[in-house]
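Only one structure is covered here, and it is reproduced in the block below.
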Amino acid sequence: AVSARIVRPDAEAQRAERLNLPERYLVTVGDSGRHHGIEYLLAALASSAGQDVPLVVVGAGREAGALDAAVAAAGIDRERVIGLGHLDDADYSTALGLATAFVYPGIGNGFGTPLLEAMSLGVPTIHAATPSLVEVAGEAGISIPCGDLTPYPGLLAEAIDRAWTDGELRTTLSILGEDRARVFTWRAAAEGVWQLHADL
């Protein structure tokens with residue numbers, strides 16, 4: 001379940017200004033580790049249909065210079081990518097909650113707590129179609145096939161362009177995401193574990 005601390009905070013506009021957040025942007029959570037899929041997302045942005053879409057990367061900076069190197073390798077203007085390190089809950093909620101869309105491209109991610117957090121804040125989501133992330137998002141996000149990684153960045157780019165330009169789609173995904181996030185509660189998780197033990 002989403003922590004009760006992940007909510008839209010007071011003084012959100014001031015926090016956004018301090019974090020140097022653009023008016024519109026994509027957000028992702030992770031570092032340059034391969035399982036977080038940042039290189040696929042950067043490749044998608046490099047091939048995107050003419051959109052100068054800014055990207056905010058929360059959790060970047062664990063490896064000095066790694067994000068800069070990945071951005072350079074993708075051929076993207078460094079000004080388009082804002083790397084934020086570890087954030088407290090209020091700043092994290094701000095960076096997540098104000099985004100135009102949340103992208104979770106990693107093909108090796110586990111349960112997908114950041115995906116659930118974004119949905120709980122009403123942020124439209126795009127994610128890799130791994131079993132765990134599909135289980136979390138259900139039909140509430142744009143799920144990108146990733147069995148073959150060759151076309152994966154291009155498919156991500158198409159989804160990003162749709163989410164960036166289609167306000168009606170974003171509204172639908174926002175509503176579906178908030179509804180989906182409410183399914184995941186600590187009580188439901190505890191009851192599921194209890195039932196599993198009872199069935200053994």
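This one's a predicted model, so the numbers in the text were calculated from it and none came from an experiment. Note: hydrogens, waters and symmetry copies are ignored here, and every other heavy atom, side chains too, is used.
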**Message:** Please check if the number of heavy atoms outside Arg5 that lie under 6.0 Å from its CZ is greater than 12.
**Reply:** no
**Request:** Would you give the length of the straight line joining atom CH2 of Trp164 to atom OH of Tyr25, rounded to the nearest 0.5 angstrom?
**Result:** 10.0 Å
**Asked** Going hydrophobic residue to hydrophobic residue with side-chain gaps under 4.5 angstrom, can you get from Leu41 over to Ile76?
**Response** yes
**Asked** Once you round to the nearest 0.5 Å, how far does CG of Leu87 lie from CG of Leu19?
**Response** 6.0 Å
**Fill in**
salt bridge (charged side-chain N to carboxylate O under 4.0 Å, His left out) pairs touching residues 93-121, sequence neighbours excluded, are none
**Message:** Does atom CG (Asp148) have a neighbourhood of more than 12 heavy atoms from anything else shown, all under 6.0 Å?
**Reply:** yes
**Request:** Locate the shortest heavy-atom distance separating Ala44 from Ile160; write the atom from each residue and the value.
**Result:** CB-CD1, 4.3 Å
**Asked** Considering residues at least two apart in sequence or located in another chain, which fulfil the ring pair (Phe, Tyr, Trp, His ring centres under 6.0 Å) criterion with Tyr152?
**Response** Tyr40
**Backbone N/O of Val136 and side chain of Arg180: donor-acceptor pair under 3.5 Å** = yes
**Item:** Note, Leu173 side chain near Thr125 side chain (heavy atom, < 4.5 Å)
**Value:** no
**Request:** Could you check Arg182 against Asp179 for side chain to side chain contact (heavy atoms under 4.5 Å, CB included), going step by step and ending with a plain yes or no?
**Result:** CA-CA 5 Å; Arg182 292 189 190 99; Asp179 287 345; 2.6 Å; yes
**Message:** If I compare all heavy atoms of Phe184 with all of Glu135, which pair ends up nearest, and what's the gap?
**Reply:** CZ-O, 4.0 Å
**Request:** Could you pull out the closest heavy-atom pair between Thr28 and Pro105, with the gap in Å?
**Result:** OG1-CD, 3.6 Å
**Asked** Same cluster or not: are Met119 and Leu176 linked, directly or through other Ile, Leu, Val, Met, Phe, Trp or Tyr residues, by side-chain heavy atoms under 4.5 angstrom apart?
**Response** no
**Message:** Give me the atom names and distance for the closest heavy-atom approach of Thr130 to Cys146.
**Reply:** CG2-SG, 4.0 Å
**Asked** Is the shortest heavy-atom distance from the side chain of Leu42 to the side chain of Val81 under 4.5 Å?
**Response** yes
**Asked** Are the side chain of Arg80 and the backbone N or O of Leu55 linked by a donor-acceptor pair below 3.5 Å?
**Response** no
**Item:** Approximate separation, where rounding is to 0.5 Å, of Ile6 CD1 and Asp89 CG
**Value:** 4.5 Å
**Side chains of Val29 and Thr113 in contact at under 4.5 Å (non-hydrogen atoms)** = no
**Prompt:** Do Leu98 and Ile175 share a hydrophobic cluster (ILVMFWY, side-chain heavy atoms under 4.5 Å, transitive)?
**Reply:** no
**Message:** Which heavy atom of Ser143 sits nearest to which heavy atom of Ala129, and what is that distance?
**Reply:** OG-CB, 3.1 Å
**Message:** If hydrophobic clusters are built by linking Ile, Leu, Val, Met, Phe, Trp and Tyr wherever their side-chain heavy atoms come under 4.5 Å apart, do Val134 and Ile144 end up in the same one?
**Reply:** no
**Asked** Going hydrophobic residue to hydrophobic residue with side-chain gaps under 4.5 angstrom, can you get from Val27 over to Val7?
**Response** no
**Message:** Return the CD1 to CG distance between Ile142 and Leu169, rounded to the nearest 0.5 Å.
**Reply:** 5.0 Å
**Request:** Output, in order, the C-alpha distance, side-chain angles, deciding distance and verdict of side chain to side chain contact (heavy atoms under 4.5 Å, CB included) for Arg78 and Leu67.
**Result:** CA-CA 10 Å; Arg78 185 62 182 86; Leu67 180 60; 4.2 Å; yes
**Message:** I need the Leu45 CG to Leu156 CG distance, nearest 0.5 Å.
**Reply:** 9.0 Å
**Asked** Under 4.5 Å between any side-chain heavy atoms of Asp10 and Arg15, yes or no?
**Response** no
**Between CD on residue Gln14 and OG1 on residue Thr94, distance to nearest 0.5 Å** = 10.0 Å
**Asked** Of all heavy-atom pairs between Leu133 and Gly112, which one has the smallest distance, and what is that distance?
**Response** CD2-CA, 3.7 Å
